[in-house]
There are 2 protein chains.
Amino acid sequence: MCKLVDTARWQALLGDVGIRATTQRVLVLDVLAEHTRPISAQQIHAELYERGEPIGLTTVYRTVSSLAEVGLVHVFPQAGEATYRLCGPARHHHLICRICRLVIERSQEDDVDGFHAEEIYGICAACRRGT
Amino acid sequence: MCKLVDTARWQALLGDVGIRATTQRVLVLDVLAEHTRPISAQQIHAELYERGEPIGLTTVYRTVSSLAEVGLVHVFPQAGEATYRLCGPARHHHLICRICRLVIERSQEDDVDGFHAEEIYGICAACRRGT
DNA sequence: CTTTATGCAAATTATTTGCAGCCAA
DNA sequence: TTGGCTGCAAATAATTTGCATAAAG
C-alpha cells in the first residue's frame, strides 16, 4: 500500500465514466481515496496545498461536482458545508453516523412503511456503546 | 380553523419551555404552524413581510435557533440553506422525502444492524408511485 | 486543432456578530 | 428595573460565475 498517486488507476476510471483525465481530477480522486469519511472541498484543497500540489479552490468545487455527476462521489450536504466521499459502483444507500461521521454503504434495500430509505443519519453501533 | 395569530397559545408554549414570549417569536411560530414541510429562515422572513409584519432577518435566524434549542422546532440542514419545522413534544425521529419534502414523524425506533436511525431521507410512498 | 478544464478575481448567498436601543417579566 | 431581545450594518464563509489562458484527446 504505497502513498504515491495512482495516476493510471484514476485516469482509467475517469475515462470509463467519460470525462477528461486531468491532473487536478486525478489529484482530487487521490485525496478522496485516502479518506473513509466524507470531506469538504476546502479540506481537499488544503490537503493538496500541503502536499505541494497547488490547485484552484474553484477547480476543486467544479471537480467534486463533476465527479458527483458521473456517480464517482457522493455528496453529503452538511450544515455549513457540503462533504464528499468516493462511492462504490454498485447500487447502494448510506448509513451516516452523526457522531463519528462513519459512512456505511448498504446494498440491500431499507424500507419502512412504503418509505424508501436512501440516506440514514443516526448513531453507529460503536458510538452508541461509547466508542 | 381561523387564520388569525393564536398569540395566547404560542405565548403559553414559549413560557413552558422557559424563554420570553416576544412578538417576533410568536409570529415565527405562527408561520411555522402554517407549514407542514420544513421552510427556510428566509422564507419565514418573506412571509411575515408580505403579511405586513416586518421582522429583522437576523431575528428570524436567532429565533429559529432558540426554538430549536428548546426543542420546539427541528432543523433540517439542506444543501444551500437550512430549513425548520415545528416539532411534536414526544420523542421521535423523521422520514423526509427528497421529492416532495414531506416529513413523517415516527415514534417507534428504526434500527438496522445496530445502527440507530434518527433521520431517514428517501422517497415517500406517494412519490414512489408517481405522486 | 477543437473542445473542455483551469484559475484568478469578483459576485452571490446564507448566516453570524457587534452594538445601541427596546421590551417582557 | 434590567437582562434578555431586536434590528441595523458590517463581517464571515461557502460556493458560484465571468473570462482569458492552458491542456487533453
Side-chain angles (χ1 to χ4, degrees), chain A residues 5 7-31 38-49 51-70 72-73 75-84, chain B residues 5 7-31 38-49 51-70 72-73 75-84:
Chain A
V5 180
T7 310
R9 179 182 165 200
W10 302 131
Q11 289 181 331
L13 189 57
L14 289 166
D16 288 347
V17 298
I19 63 175
R20 285 191 183 172
T22 67
T23 309
Q24 291 84 342
R25 283 178 181 162
V26 167
L27 287 170
V28 168
L29 279 171
D30 202 61
V31 169
I39 55 178
S40 68
Q42 313 264 351
Q43 188 173 345
I44 294 171
H45 178 255
E47 287 191 20
L48 284 174
Y49 219 85
R51 191 192 281 196
E53 303 278 14
I55 178 178
L57 182 52
T58 304
T59 302
V60 175
Y61 277 108
R62 280 193 281 229
T63 297
V64 288
S65 171
S66 302
L67 295 178
E69 210 169 303
V70 298
L72 288 181
V73 319
V75 184
F76 296 91
Q78 302 299 139
E81 62 182 7
T83 56
Y84 310 85
Chain B
V5 181
T7 310
R9 179 182 167 200
W10 302 131
Q11 289 182 331
L13 189 58
L14 288 167
D16 289 347
V17 298
I19 63 176
R20 286 192 183 170
T22 67
T23 309
Q24 292 83 342
R25 282 177 181 164
V26 167
L27 287 171
V28 168
L29 279 171
D30 202 60
V31 169
I39 54 179
S40 69
Q42 313 265 350
Q43 188 173 346
I44 293 171
H45 178 257
E47 287 193 19
L48 284 175
Y49 219 85
R51 190 191 282 195
E53 303 279 14
I55 178 178
L57 183 53
T58 305
T59 302
V60 175
Y61 276 109
R62 279 191 284 228
T63 298
V64 288
S65 172
S66 302
L67 295 178
E69 210 169 303
V70 298
L72 289 182
V73 317
V75 185
F76 296 90
Q78 302 299 135
E81 62 184 5
T83 57
Y84 311 85

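Chain letters run A, B, ... following the sequence lines, proteins first and then strands; every chain starts at 1.
- The line from CZ of B:Arg62 to CG of B:Leu57 is 10.5 Å long, rounded to the nearest 0.5 Å.
- Between the CD1 atom of B:Ile44 and the P atom of D:dG7 there is a distance of 14 Å, rounded to whole Å.
- Defining each end axis of the helix from C:dC1-D:dG25 to C:dA25-D:dT1 as the rotation carrying four pairs' C1' atoms onto the next four, with five pairs an end, the two axes are found to diverge by 40° to 10 degrees.
- Here B:Ala82 lies in heavy-atom contact (under 4.0 Å) with sugar-phosphate atoms only.
- Nearest heavy-atom pair across A:Val73 and A:Val64 is CG2-O, 3.8 Å.
- B:Tyr61 pairs by the ring-ring contact (aromatic ring centres under 6.0 Å, His included) definition with nothing, not counting sequence neighbours.
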Distances for protein N/O vs nucleotides 8-10 of chain D N/O pairs under 3.5 angstrom?
residue: D:dA9; atom: N6; partner: B:Thr58; partner atom: OG1; Å: 3.4

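- Between the OH atom of B:Tyr84 and the P atom of C:dA14 there is a distance of 12 Å, given to the nearest Å.
- In this structure, CD1 on B:Ile55 lies 5.5 Å from CD on B:Gln24, to the nearest 0.5 angstrom.
- A:Gln43 is linked by a side chain to side chain donor-acceptor pair (under 3.5 Å) to A:Glu47, counting only residues two or more places apart in sequence or in another chain.
- Rounding to the nearest 0.5 angstrom, the gap separating the CD atom in A:Gln42 from the OG1 atom in A:Thr83 is 12.5 Å.
- In this structure, the CD1 atom of B:Ile39 is 16 Å from the C1' atom of C:dA14, given to the nearest Å.
- Nucleotide C:dA14 holds its C1' atom 13 Å from the NE2 atom of B:His45, rounded to whole Å.
- Atom CZ of A:Arg51 is separated from atom CG of A:Asp30 by 4.5 Å, given to the nearest 0.5 angstrom.
- The CD1 atom of A:Ile44 lies 11.0 Å from the CG atom of A:Leu27; values are rounded to the nearest 0.5 Å.
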Show the atom names and distances, to 0.1 Å, of all donor-acceptor pairs under 3.5 Å that link a side chain in residues 12-22 of chain B to residues at least two apart or in another chain.
residue: B:Thr22; atom: OG1; partner: B:Arg25; partner atom: N; Å: 3.2

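- Of the two residues near DNA chain C, A:Thr63 and B:Glu81, the one whose nearest nucleotide lies more 5' is A:Thr63.
- Atoms CD (B:Glu53) and P (D:dG7) sit 11 Å apart, rounded to a whole Å.
- For the atom pair CD1 of B:Ile39 and CD of B:Glu81, the computed distance is 10.5 Å after rounding to the nearest 0.5 Å.
- Per the geometry, CD belonging to A:Glu69 stands 12 Å off P belonging to D:dT16, to the nearest Å.
- Between B:Gln24 and D:dG7 there is a side-chain N or O to OP1 or OP2 distance below 4.0 Å.
- Minimum heavy-atom separation, A:Val60 to A:Ala41: CG1-O, 3.5 Å.
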### Query
Once each nucleotide of nucleotides 20-25 of chain C is scored for protein heavy atoms under 4.0 Å, what B/S/- sequence comes out, 5' to 3'?
----BS
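- To the nearest angstrom, C1' of C:dT4 lies 14 Å from CG of A:Leu14.
- Close to D:dT16, at under 4.0 Å from its OP1 or OP2, lies no side-chain N or O of A:Tyr61.
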